[in-house]
Number of protein chains: 2
Amino acid sequence: MVVYAGQGDPRRSIELLWRASVAEKRSGPKPGLSVDAIVDAAIAVADEHGMAFSMRAVGERLGRTAMALYTYVPGKNELVDLMYDRAMAELPTSYELDDGWRAAVTRWANDMWEFYGRHPWVLQVSQARPVLGPHEFAVIEALAAILVATGLPGRELRGIVGAVNYFVRGAAQTVAEARAAGGATGEADEEWWYARSAVLLEIEPDLEKKFPMLHLLENDREPIDPELPYLENDAVENFRGGLKVLLDGVEGAVAKP
Amino acid sequence: MVVYAGQGDPRRSIELLWRASVAEKRSGPKPGLSVDAIVDAAIAVADEHGMAFSMRAVGERLGRTAMALYTYVPGKNELVDLMYDRAMAELPTSYELDDGWRAAVTRWANDMWEFYGRHPWVLQVSQARPVLGPHEFAVIEALAAILVATGLPGRELRGIVGAVNYFVRGAAQTVAEARAAGGATGEADEEWWYARSAVLLEIEPDLEKKFPMLHLLENDREPIDPELPYLENDAVENFRGGLKVLLDGVEGAVAKP
DNA sequence: TTGCGACTCCTTACAACGTAAAGTAACCTT
DNA sequence: AAGGTTACTTTACGTTGTAAGGAGTCGCAA
């Protein structure tokens with residue numbers, strides 16, 4: 001199931017995200033941790049073990065119990081919000097437009113693609129959560145800034161920003177999750193897919209006749225780059241192809257009106 | 001976190017999905033349940049209470065304990081697979097091409113959009129799971145069949161199928177989850193968004209200066225249809241706009257090569 | 001008719017989870 | 001030195017998926 005981010009107390013979440021913590025008069029023992037340290041630890045755990053990280057695991061990595069985290073962070077949902085936004089800080093906040101908006105959007109998309117590869121757990125945080133944190137804003141702002149250069153009105157651009165965003169995310173997810181599925185059992189991509197296809201074909205031998213169009217799509221393949229694993233080939237090719245079509249559409253909108 | 005479908009024993013999953021259960025010589029008490037009944041009950045629970053349904057809840061709805069389900073279904077993951085595929089049986093498996101592929105794809109997308117609205121929990125099942133079940137296949141086959149009519153080669157169509165699919169899903173998710181978030185606390189969309197924007201603006205008053213491009217996009221609005229809730233307006237507009245651009249791109253590819 | 005084995009379904013139990021509650025000890029302020 | 005505030009721990013509760021074992025039911029062979 002999806003982690004619903006942005007579900008906690010909105011004020012507290014947003015204060016944490018925007019670091020609006022008022023430095024108050026302090027008393028009592030010195031804090032041994034910090035929100036930053038916790039978020040970093042949580043990201044490290046998630047990078048290693050997937051989104052199914054536990055408060056106990058994060059605490060342990062910091063030499064504390066799970067409950068110690070609750071001094072700094074209201075709950076797991078809010079921690080996920082913070083992780084999400086923090087991770088996005090890795091991404092560029094602006095793109096050169098020298099070689100045109102199309103090249104810039106492509107760079108944005110590639111950066112996102114690689115980012116999702118580095119932090120696959122991000123893909124498991126609800127895709128449609130409201131944009132809450134500063135870095136999240138910055139990432140979308142970067143895309144918006146590029147697209148504004150097309151001269152299209154905001155009304156049209158909103159749909160385009162969404163489309164590009166959804167597409168990149170969806171495409172990245174296809175790789176990330178297949179990779180995770182294979183990785184969990186230690187199988188390589190090929191074996192994982194092979195095991196499933198084999199069973200499927202055994203049980204439903206005339207699969208190709210039942211779904212002729214899919215069969216048609218599947219069999220028109222580029223020569224495979226032996227450097228990359230099976231799945232990567234497919235995914236990268238589809239990513240490039242889909243993005244190309246999408247940007248062709250944007251170009252059409254720019255040229256026409 | 002995402003429910004990883006397709007994680008269980010592949011043979012057993014696929015046998016269940018394709019109903020390849022061999023009718024064996026039976027002995028022992030008559031089964032009081034069936035896989036179908038369980039899947040139906042699980043879908044009903046998920047429709048009502050979201051993807052965070054429990055085996056106990058499904059059992060209870062059928063007047064059994066949670067463990068009774070394990071006689072029919074190997075585990076929760078496999079049950080989710082079955083629910084997913086069963087739900088997709090609602091969707092059309094082919095589309096008229098009389099008015100052209102573009103209109104047909106639009107119908108496909110609209111059907112998916114409405115489908116996701118009916119069963120928002122489907123969006124919480126991993127978007128990128130391998131296509132496993134017959135109805136899932138049929139849905140993609142339907143889209144593929146339409147797009148094949150463009151005359152584009154399979155190589156190009158694969159990226160397009162992916163793009164359309166990701167886009168529709170992503171767009172639907174934006175509505176579904178905001179709806180769920182509001183619904184959970186009983187807030188209407190407007191209030192929910194308003195609460196967040198208000199806090200954000202209070203904490204970060206010059207938000208609009210920090211993210212001028214987003215501000216620009218946000219403020220170029222169509223007149224709002226007072227019939228629909230706030231969020232619906234936005235989402236539907238972006239959905240239509242994004243799809244239009246995407247299909248323009250496909251049209252470009254058809255015209256050019 | 002009488003078992004026997006297969007089968008459904010239940011009870012019990014366990015480990016893992018998020019987190020509430022309450023306690024202990026460290027530290028600043030007065 | 002006292003008192004209040006804070007960091008962190010321990011313990012505990014309610015939920016979750018599901019393993020293990022047992023009770024009862026039925027078909028079939030002897």
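This structure is a prediction, so every number in the text was calculated from the model and none was measured. Quick note on labels: first sequence line is chain A, next is B, and so on, each numbered from 1.
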Residues A:Phe211, B:Phe137; criterion ring-ring contact (aromatic ring centres under 6.0 Å, His included); working and verdict: CA-CA 7 Å; A:Phe211 304 106; B:Phe137 262 102; 5.0 Å; yes
field: B:Arg118/B:Glu90 salt bridge by N-O under 4.0 Å criterion
entry: yes
- request: Check whether any side-chain nitrogen or oxygen of B:Tyr72 sits under 4.0 Å from OP1 or OP2 of C:dC9, and answer yes or no.
  value: yes
message: Distance check needed: D:dT15 C1' versus B:Glu60 CD, whole Å only.
response: 14 Å
field: Sole candidate of B:Val168, B:Asn165, B:Thr174 that passes side-chain contact (heavy atoms from CB on, under 4.5 Å) when paired with A:Tyr166
entry: B:Thr174
message: Regarding B:Ala68, tell me which of base, sugar-phosphate or nothing describes its non-hydrogen contacts under 4.0 Å with the strands shown.
response: sugar-phosphate
task: Find which nucleotide of DNA chain C each of A:Met67 and B:Gly63 is nearest to by heavy atoms, and output the residue with the more 5' nucleotide.
output: B:Gly63
- prompt: Going by number, which of residues 35-44 of chain A have a non-hydrogen atom under 4.0 Å from DNA chain D?
  reply: none
field: Closest to the A:Ala66 side chain, choosing from C:dT19, D:dT9, D:dT5
entry: C:dT19
message: Could you tell me how far apart B:Leu62 (CG) and C:dC10 (C1') are, to the nearest whole angstrom?
response: 15 Å
task: Please state how far atom CG in A:Leu33 lies from atom C1' in D:dT6, giving the value in whole angstrom units.
output: 13 Å
query: If we only count heavy atoms from C-beta on, is the B:Leu79 to B:Met55 side-chain gap below 4.5 Å?
result: yes
field: Euclidean distance, atom NZ of residue B:Lys30 to atom C1' of D:dG24 [Å, nearest integer]
entry: 16 Å
Electrostatic pair B:Asp36:B:Arg19 at N-O distance under 4.0 angstrom: yes
- prompt: So, is A:Ser27 close to the D:dT6 phosphate, meaning a side-chain N or O under 4.0 Å from OP1 or OP2?
  reply: no
message: Do B:Lys76 and B:Tyr70 form a cation-pi contact, if we require the NZ or CZ to be under 6.0 Å from the six-membered ring centre and within 45 degrees of the ring's axis?
response: no
Dump every N/O contact between nucleotides 14-18 of chain C and the protein below 3.5 Å, one line per pair.
| residue | atom | partner | partner atom | Å |
| --- | --- | --- | --- | --- |
| C:dG18 | OP1 | A:Lys76 | NZ | 2.8 |
| C:dG18 | OP2 | A:Met55 | N | 3.0 |
| C:dG18 | N7 | A:Arg56 | NH1 | 2.8 |
| C:dG18 | O6 | A:Arg56 | NH2 | 3.2 |

- prompt: Is it the case that more than 12 heavy atoms not belonging to B:Glu48 sit under 6.0 Å from its CD atom?
  reply: yes
message: If you assign B:Pro29 and B:Pro74 each to the DNA chain D nucleotide with the nearest heavy atom, which residue ends up on the more 5' nucleotide?
response: B:Pro74
Listed nucleotide nearest any side-chain atom of A:Thr71, set D:dT6, D:dA7, C:dC10: D:dA7
- request: Output the distance between atom CG (A:Leu91) and atom CD1 (A:Ile140), rounded to the nearest 0.5 Å.
  value: 10.0 Å
- request: Examine distances only and state if a side-chain atom of A:Asp85 and a backbone atom of A:Glu136 form a donor-acceptor pair shorter than 3.5 Å.
  value: yes
